[in-house]
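For reference, the structure discussed in these notes is given below.
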Amino acid sequence: QKAIDAYEEQADKISCAEEFFASLNEEMEQVRTAAGSIADQASKLKSSEEMFDTDIVTLPEPVKEKTVPDEQIDHIGSFKITDFRK
């Protein structure tokens with residue numbers, strides 16, 4: 001009887017260990033999937049960053065000097081369409 005009890009106890013422990021490792025494997029797969037998704041998003045962000053870097057055009061100094069001052073923009077923004085009608 002002692003041998004049978006020991007065998008059943010050992011079988012229970014093995015069953016618990018199998019359940020634990022099955023659960024652990026599921027969690028590891030979820031982490032792997034999440035990490036893959038994060039890496040994919042990071043790669044897309046890097047590609048977007050590189051695209052923006054190549055699309056940005058630096059204006060030469062003479063053009064920068066000819067920009068409209070903020071005061072004029074504010075003044076222009078205060079006009080109403082009726083100001084131009086006669």
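From a predicted model like this one, the values you see are computed outputs, not experimental measurements.
The side-chain hydrogen bond (donor to acceptor under 3.5 Å, both in side chains) search around D5 returns Q1, not counting sequence neighbours. Every residue meeting the side-chain contact (heavy atoms from CB on, under 4.5 Å) condition with K46, not counting sequence neighbours, appears here in chain and number order: E49, E50. For E19, the salt bridge (charged side-chain N to carboxylate O under 4.0 Å, His left out) criterion is met by no residue, not counting sequence neighbours. The salt bridge (charged side-chain N to carboxylate O under 4.0 Å, His left out) search around K2 returns none, not counting sequence neighbours. Residues passing the side-chain contact (heavy atoms from CB on, under 4.5 Å) test with I14 are Q10, E18, sequence neighbours excluded.
Residue pairs meeting the salt bridge (Lys or Arg N to Asp or Glu O under 4.0 Å) criterion with at least one partner in residues 21-41, sequence neighbours excluded, are E29-R32, D40-K44.
Side chain of S37 to backbone of T33: no donor-acceptor contact under 3.5 angstrom is found.
With side-chain heavy atoms closer than 4.5 Å counting as contact, directly or through intermediates, the hydrophobic cluster containing F21 also holds F20, L24, M28.
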